[in-house]
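These notes are about the structure you will find just below.
In what follows, residues are counted from 1 in the order of the sequence shown. Because the structure is predicted, anything quoted here is derived from the model rather than measured.
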Amino acid sequence: MLTAADAGDAAALLAAVPAGRRVALVDPRFVGHVHALRLGLTDPRFPAATVPGALTAQAEARPALLRALHRTTAAVGAGAPVVDPQADPAPEDRTVPGRIAVALESEGTPVHRPALGSLVAAVPTDAEQQAAAAAGLTSVDDEAVRLRSAVKAHDGFFTTFCISPYSRYIARWCARRGLTPNQVTTASLVTALVAAGAAATGTRGGYIAAGLLLLVSFVLDCTDGQLARYSLQYSTMGAWLDATFDRAKEYAFYAGLAIGAVRGGDDVWTLALGAMVLQSCRHVVDFSFNEANHDAVANTSPTAALSDRLDSVGWTVWARRMIVLPIGERWAMIAVLTALTTPRIVFYALLVGCSLAACYTTAGRLLRSLTRKARRTDRAAQALADLADSGPLAQAVAAVAPGLRGAFTAPVLALLGALVMVGSALFLPYGSGLTVAAAGVYVVLSGLAVARPLKGALDWLVPPVFRAAEYVTILVLAARSDVPHAVPAAFGLVSAVAYHHYDTVYRIRGGTGAPPRWLVRTIGGHEGRTALVAVLAAVLTHASGFTTALTALAVAVALVALVESIRFWVSSSAPAVHDEGELA
């Protein structure tokens, strides 16, 4: 810590600090809570941040900070405003750090201003202000505020009332012992994998242990995010781990239940794969709708207004959060049913519950989309095109086919192609060459669906329809093959493909765009993989080669997608964020 006599002296001292380090300017008269300073000066997600009387800049914002200091030294010394007071976003902060923050923003460097709530951060200039700041310091327990803010603002009923009241204290315990969110996330994954192994034993004792361990894993899953918020430890690796491990844990547990059921004489692999397909499709509905509308212009809807009014009635908020069967409620249901019943009942409950939740959420989003007057942006259209995961075959069709006009053309074409593909897999004789022909039709219709920018009111349905078509086709063909272990192999293939799709979502959320086009071309796109599985089913009709082929395809997709994903998330271009997760 160094003391500067004035802004010019501060500029000289900051220039001597090694280039890669974070720096901070703090007014020596600052009075406030430690956690207020922590929020303003230590959050790694923002290049520059400020609270009244303090400013921080990371390496990428330091040149702008030095320019602002040099440019405004005279003005600050004379007591004049740095910029036009009418444009000053924080006119109450007339300290040197506050003025420099405004100067940074005036030249285009974004400055984060964390919400402090009841926390005190001030630079008193007289005895009255000093007394008010001191009173605020003694009346507010910043540690209690820090614990409350560690809990996610919007969460499910089970998580809010059954987990967070004590998991926040576990997070604080971890922070005081130097544990990181990534370590807690890894512990949650390991616990879930042990739970899956216990379920795979197929014994009642194993099922009881699996249910208990799954709940422990969920407590740790909540704790890692709370630890990140409590200690402000956000990282690129944490974003990747937190974003992907939830799905890995849940689907690994499905596999463990299926293995245990087979040991008990009940083959439920088809139900396990069906539950995974349904849950993945639910997620892509959420992702697509949000990406299509988060930056839409004139984004208004009577349905959304009704939802906002219902939010003012407390019980309706919790009822609607429980209806969608969020992760807390879902994992609690899985854990209890695993301990008390059989895997078949667990999967029946999952399929029924998730189906009802999917109908509720999708119907609401359809109503919002049809009643909303909005103009979707080019960025939203590109995000939907990336989520569609169109491969070289569909792209080739889109390149030569005229884009068909019409408000609902894209989702109708996608749905028609999905019905042709899934219907042929379901109702045509297994191994029929007509199924391969249907795959060709699906390729053409998929290409036509994305031939124009996806800016229609219901174009957000295109990616989930493609996901459902691909996943369900793989499920149906594997289930109808009567080839030993074909459905477990299909489970592995869908898991690998779903990982790629989730990875695409979280890259877009981080603002870095979708995976590179070479990756999508290499693993074939949704239409290429669907057509390939149809061909394999027709060629390897009555042979264990179908299982071998599905397994090889799963391994190939997993290797390519995982290697590229790991390369991205450990690179410097990955976003330094902490994923808050989806309710569902």
Side-chain angles (χ1 to χ4, degrees), residues 189 192-197 199-200 202 244-263 266-281 283-284 343 346-347 350-351 389 391 422 425 466-504 515 519-520 522-526 528-537 539-540 543-566:
L189 174 67
L193 294 179
V194 174
T244 57
F245 277 13
D246 278 353
R247 302 289 79 77
K249 289 180 287 190
E250 187 168 1
Y251 299 156
F253 195 81
Y254 291 178
L257 282 175
I259 294 171
V262 170
R263 289 187 170 182
D266 187 15
D267 190 344
V268 296
W269 271 108
T270 299
L271 295 177
L273 180 51
M276 183 172 73
V277 167
L278 179 57
Q279 188 57 34
S280 298
C281 290
H283 277 134
V284 78
V346 174
F347 288 124
L350 272 173
L351 289 168
D389 193 34
V422 175
F466 287 162
R467 293 299 80 72
E470 179 181 2
Y471 296 170
V472 174
T473 297
I474 295 172
L475 165 61
V476 170
L477 291 177
R480 293 190 64 198
S481 68
D482 289 329
V483 175
H485 309 302
V487 178
F491 189 98
L493 175 57
V494 173
S495 298
V497 174
Y499 176 86
H500 161 62
H501 289 145
Y502 281 113
D503 184 53
T504 300
L519 173 64
V520 178
T522 300
I523 60 178
H526 71 93
R529 292 186 298 270
T530 304
L532 177 58
V533 172
V535 171
L536 293 174
V539 173
L540 306 171
S544 60
F546 186 51
T547 298
T548 303
L550 289 178
T551 303
L553 182 57
V555 171
V557 171
L559 280 176
V560 175
L562 259 177
V563 168
E564 162 55 24
S565 176
I566 293 171

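- Considering all non-hydrogen atoms of both residues, A275 and F347 come closest at CB-CD2, 4.1 Å.
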In sequence, state the C-alpha distance, the side-chain angles, and the governing distance for L271 and L351, and then conclude on side-chain contact (heavy atoms from CB on, under 4.5 Å).
CA-CA 8 Å; L271 295 177; L351 289 168; 3.8 Å; yes

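- When all heavy atoms are compared, the tightest approach of L273 to A490 is CD2-CB, 3.9 Å.
- Note: Y471 and H501 have tilted aromatic rings, judged against thresholds of 30 and 60 degrees for the angle between ring planes.
- No donor-acceptor pair under 3.5 Å is formed between the side chain of S565 and the backbone N or O of L562.
- Note that CD1 of I474 is 7.5 Å distant from CG of L553, once rounded to the nearest 0.5 Å.
- Of all non-hydrogen atoms in F546 and V533, the two that sit nearest each other are CE1-O, 4.2 Å.
- Residues I259 and W269 form a side-chain contact, since some pair of their non-hydrogen atoms from C-beta on lies under 4.5 Å apart.
- At a threshold of 4.5 Å between non-hydrogen side-chain atoms, the residues T551 and H485 do not count as touching.
- The minimum heavy-atom distance between A496 and A554, with the atom names listed, is CB-O, 3.7 Å.
- Distance check: L278 CG to H283 NE2 gives 10.5 Å after rounding to the nearest 0.5 Å.
- A 4.5 Å side-chain heavy-atom check between S280 and V284 finds every atom pair outside the cut-off.
- The shortest distance between side-chain heavy atoms of Y254 and E250 falls below 4.5 Å.
- Remark: side-chain polar atoms of R529 are paired, donor with acceptor, to backbone N or O of I523 under 3.5 angstrom.
- Of the possible donor and acceptor atoms, none in the side chain of D266 sits under 3.5 Å from a partner among the backbone N and O of V268.
- Here the CZ-CE distance, from R247 to M276, works out to 12.0 Å after rounding to the nearest 0.5 Å.
- Side-chain contact between L519 and H500: present, with at least one pair of heavy atoms (C-beta onward) separated by less than 4.5 Å.
- Taking CG from D389 and CD from E470, the interatomic distance works out to 7.0 Å, rounded to the nearest 0.5 Å.
- Minimum heavy-atom separation, D503 to P515: OD2-CG, 4.2 Å.
- Heavy-atom minimum distance, A549 versus L536: CB-CD1, 3.8 Å.
- Ring planes of Y502 and Y251: tilted class, angle from 30 to 60°.
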